[in-house]
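Note sheet for the following structure.
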Amino acid sequence: MTRTKDQAAAVLPTMLKALRLPSINRNWKRLTDTADRDGWPAVQLLASLLEIEMAERTTRRIQRHRDQSGLSAGKTFATFDFDAAPGVRKPHLLSLATGDGWIDNGGNLLFFGQSGTGKTHAISAISHTLIDTGRRVLFCSTTDMVQKLQAARRDLSLPSMLDKLDKYDLIVLDDLSYVRKDQVETSALFELIAHRYERHSIAITANQPFSAWDNVFPDPAMSVAAIDRLVHHSTIIEMNGESYRKRSAISRIEPANNHPTGPASDRPS
Ligand code: ADP
Ligand code: MG
C-alpha cells in the first residue's frame, strides 16, 4: 500500500518496535531528513539504516555478554601494570587475549602464583578482551562452580548443565586450590573438565601447583586425570614476585624514598 510521507512517518515507529529495530527507530528521522535534503538514492538510505542497526546490535550483544560474564568491570588491561607483574611478558598476555591459537581449539590457560600476584586480574583482563572480540566468557570462583554442578547433579540435570555451558568459549575457574574435597563433591568438577576437554577452553587460577591438587579431587587417580586433561594443550603462566596487594599497602604507608627495595630486587631483570 502506498502512504503519504506523513502517514509513513506515523506508522514507522510502531513497525520498527514490532520488528525490534531500536537503532533504526532512533535514527530514521535524522537519516531520512538528510536523504531528502541531499538527494540520496533510496538504496543508500536503506543501507545506512541497516548498518546502524547492525553496529549497535553488536555493541548491545557484547555489553550483554559482559554483564553476564561475572567479570569485575575494572580488571582490564587498562588498569594492569605490566611492570608490576614479574613473570609475565606483556606481548604474551596480549597475544593470549586475541584468543588466536587456543580458544578455537579448546586450549586451556593455567595461572599459578602466590596470593595477590595478579592472577585474577590478568585472566580477567584477557577475558574482557575476548568478550570485546565477540567471544563468550564465564568467570566464577571454582567453589561456586562446584556448588552449582553439584546441585545440578542432585537434580539429575548435570549433563544438560554441561551442555548449556558449551555456549561459553571460555570458563574461568578462579582459585581452584581453595576447593576442598571434603567441602563439596568435587568429582562434578572433574566432569566439567572432561566434558570440555579438547572442545572448549578452561582457564584456572591456583595458588598451589599441581602437587597439592590431591586436596581438591576425591582420589589421586581423578587428580591425575584432571591434570592430564587441563595440561594437554595448555599455556601455563607463573605469576611470581611479591603480592601486589601487600606492595600497594606498603607504598601507601611509607614515603616513596623509604620504600624497601628487597623483594623488587629479586625480580628477574
Ligand atoms: P591473585 O588473583 O593472584 O590473588 P589479584 O589479581 O586478585 O591477585 O590481585 C590482587 C590485587 O592487586 C587486585 O586488586 C588487583 O587488581 C591488583 N593487582 C595485582 N597485580 C596487578 C598489576 N600488575 N597491575 C595492577 N593491579 C594489580
Ligand atoms: Mg585471585
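Start at 1 and go down the list; that is how both ligands and their atoms are numbered.
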Can you give each donor-acceptor pair under 3.5 Å made by side-chain atoms of residues 17-25, sequence neighbours left out, with the distance rounded to 0.1 Å?
residue	atom	partner	partner atom	Å
S23	OG	E56	OE1	2.5
S23	OG	R60	NH1	3.0

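Taking 4.0 Å as the cut-off, K75 counts as a neighbour of ligand 1 on heavy-atom distance. At least one heavy atom of S115 sits less than 4.0 Å from an atom of ligand 1. Proximity of T117 to ligand 1 is established by a heavy-atom distance of less than 4.0 Å.
Residue pairs meeting the salt bridge (Lys or Arg N to Asp or Glu O under 4.0 Å) criterion with at least one member in residues 1-15, sequence neighbours excluded: K5-D36.
Here D104 pairs with R135 in a salt bridge; the nearest charged N to carboxylate O distance falls below 4.0 Å. A salt bridge links D132 with R66: at least one charged nitrogen is closer than 4.0 Å to a carboxylate oxygen.
Among the backbone and side-chain atoms of T120, an N/O/S atom is found under 2.8 Å from the Mg ion (ligand 2).
Within the 4.0 Å heavy-atom criterion, the part of T79 lying near ligand 1 is the backbone and not the side chain.
Put simply, the side chain of W102 never gets that close to the backbone of T235: no donor and acceptor are under 3.5 Å apart. Without hydrogens or angle criteria, S124 side chain to K75 main chain gives no donor-acceptor distance under 3.5 Å.
The neighbour count for M15 CE, taken as heavy atoms of other residues, nucleotides or ligands under 6.0 Å away, is above 12.
Backbone and side-chain nitrogen or oxygen atoms of G118 are examined, and one is located within less than 3.5 angstrom of a nitrogen or oxygen of ligand 1. Considering backbone and side-chain atoms alike, G116 places an N or O below 3.5 Å from some N or O of ligand 1.
The distance from ligand 1 to the heavy atoms of D81 drops below 4.0 Å at these ligand atoms: 22 (C), 23 (N), 24 (N), 25 (C). Near Q114, meaning under 4.0 Å from any of its heavy atoms, are these atoms of ligand 1: 3 (O).
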